[in-house]
Amino acid sequence: MFNILFFGTFVPVQGTKHMVEAAKLLEHEEVRFLFAGDGQEQSQAVALAKQLDLRNVVFCGMLDRERLREEIAKADVVLGNVGDTPLSPLVISNKVFEALAMGKAVVTADMPANRELFGDEDVLMVPVANPEALAAAILKLKNDPVLRERVASRGHKKFLHTATPSVLGNELKQIIQELL
């Protein structure tokens, strides 16, 4: 089974509705979606999965940190934000950084904030609010393990060079020194 993980608070920017719709498109592809967390749009996502009679989707609620690390480690792909809201172009979700830190392939929305830091070789980017494109990207990574490993490896390297606490701390230190 090919494991897809989403974890978050189910806020609109995350686009969980579109993820559930992508799961429907992949229901005959040996792909399992695990949704971890709870929040604003969780009940709608659960209701949609029930309405679509999905058997490849599991909602597990909030996970403690250790269990979340275990689920990220088991995942073949981690999903970032794919929702279309006014906030969408402005954010890179923490889950993207957490997945990349653990060397996982990520699929997220093709938005200015993501493009500011990542290229096509670091994460797979899809149009926002587009379940068909999301499903296609997941299937592409499922069917091409070499591509999946390359994306995961490049994303991990990008994280190490741009987003670790020490890198960000040094950047902040330089900014402060320039202001003094």
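- Within 6.0 Å of CD in Q177 there are more than 12 heavy atoms belonging to other residues, nucleotides or ligands.
- Following chains of ILVMFWY side-chain contacts shorter than 4.5 Å, one cannot reach V11 starting from F6, and the two form parts of different hydrophobic clusters.
- Going from atom OG of S88 over to atom CG of N81 covers 7.0 Å, rounded to the nearest 0.5 Å.
- By the criterion of side-chain heavy atoms lying less than 4.5 angstrom apart, applied directly or through intervening Ile, Leu, Val, Met, Phe, Trp or Tyr residues, V31 is grouped together with L134 in one hydrophobic cluster.
- Heavy atoms only, all atoms of each residue included: V57 and A23 are closest at CG2-CB, 3.5 Å.
- Between H161 and V167, every side-chain heavy-atom pair lies at or beyond the 4.5 Å cut-off.
- Between R115 and D120 there is a salt bridge, since at least one side-chain N of the basic residue sits less than 4.0 Å from a carboxylate O of the acidic one.
- Put simply, CD on E41 and OG1 on T16 are 5.5 Å apart, with the number rounded to the nearest 0.5 Å.
- Classification of R67 and E71 as a salt-bridged pair holds, one side-chain N sitting under 4.0 Å from a carboxylate O.
- Contact of the T9 side chain with the Q40 side chain is not registered, since no non-hydrogen atoms from C-beta on lie closer than 4.5 Å.
- When side chains are defined from C-beta on, E171 counts as touching L168, because their heavy atoms get closer than 4.5 Å.
- Grouping the Ile, Leu, Val, Met, Phe, Trp and Tyr side chains by contacts below 4.5 angstrom, directly or via other members, places V151 with V126.
- The shortest non-hydrogen separation linking F2 to L141 is CZ-C, 4.0 Å.
- In this structure, Q14 contributes its side chain and F10 its backbone to a donor-acceptor pair below 3.5 Å.
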Taking it one step at a time, do V20 and L54 satisfy side chain to side chain contact (heavy atoms under 4.5 Å, CB included)?
-> CA-CA 9 Å; V20 171; L54 295 179; 3.7 Å; yes
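- At distances below 3.5 Å, at least one donor-acceptor pair connects side-chain atoms of N114 with backbone N or O atoms of A109.
- Residues P131 and H18 come closest through the heavy atom pair CB-O, 3.6 Å.
- Side-chain contact check for F7 versus L68: some heavy-atom pair is nearer than 4.5 Å.
- With hydrogens and angles disregarded, a donor-acceptor distance shorter than 3.5 Å links the side chain of N170 to the backbone of S166.
- Rounding to the nearest 0.5 angstrom, the gap separating the NZ atom in K104 from the CG atom in D76 is 6.5 Å.
- Atom CZ of residue F118 and atom CG of residue L100 lie 5.0 Å apart, to the nearest 0.5 angstrom.
- When all heavy atoms of A129 and D84 are compared, the closest pair comes out as CB-CB, 3.9 Å.
- A donor-acceptor contact shorter than 3.5 Å links the side chain of K142 to the backbone of E29.
- To the nearest 0.5 Å, atoms CZ (F159) and CD (E98) are separated by 9.0 Å.
- Put simply, the side chain of S153 does not reach to within 4.5 Å of the side chain of H156, judged on heavy atoms.
- Using bins of under 30°, 30° to 60° and over 60° for the plane-to-plane angle, the ring pair F59/F35 lands in the parallel bin.
- With hydrophobic clusters built from ILVMFWY side chains whose heavy atoms lie under 4.5 angstrom apart, V78 does not share a cluster with V91.
- With a 6.0 Å radius and a threshold of 12 heavy atoms from other residues, nucleotides or ligands, K17 has its NZ atom at or below the threshold.
- For the residue pair A105 and A152, the shortest heavy atom distance occurs at N-CB, 3.5 Å.
- Summarising the geometry of V106 relative to G80, their closest heavy-atom pair is CG1-N, 4.4 Å, with the distance given to 0.1 Å.
- Linking ILVMFWY side-chain heavy atoms closer than 4.5 Å, directly or via other members, places V82 and V107 in a single hydrophobic cluster.
- A distance of 8.5 Å separates NZ in K24 from CG in N56, rounded to the nearest 0.5 Å.
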Test L79 against F33 for side chain to side chain contact (heavy atoms under 4.5 Å, CB included), laying out the working first.
-> CA-CA 10 Å; L79 301 179; F33 286 73; 4.2 Å; yes
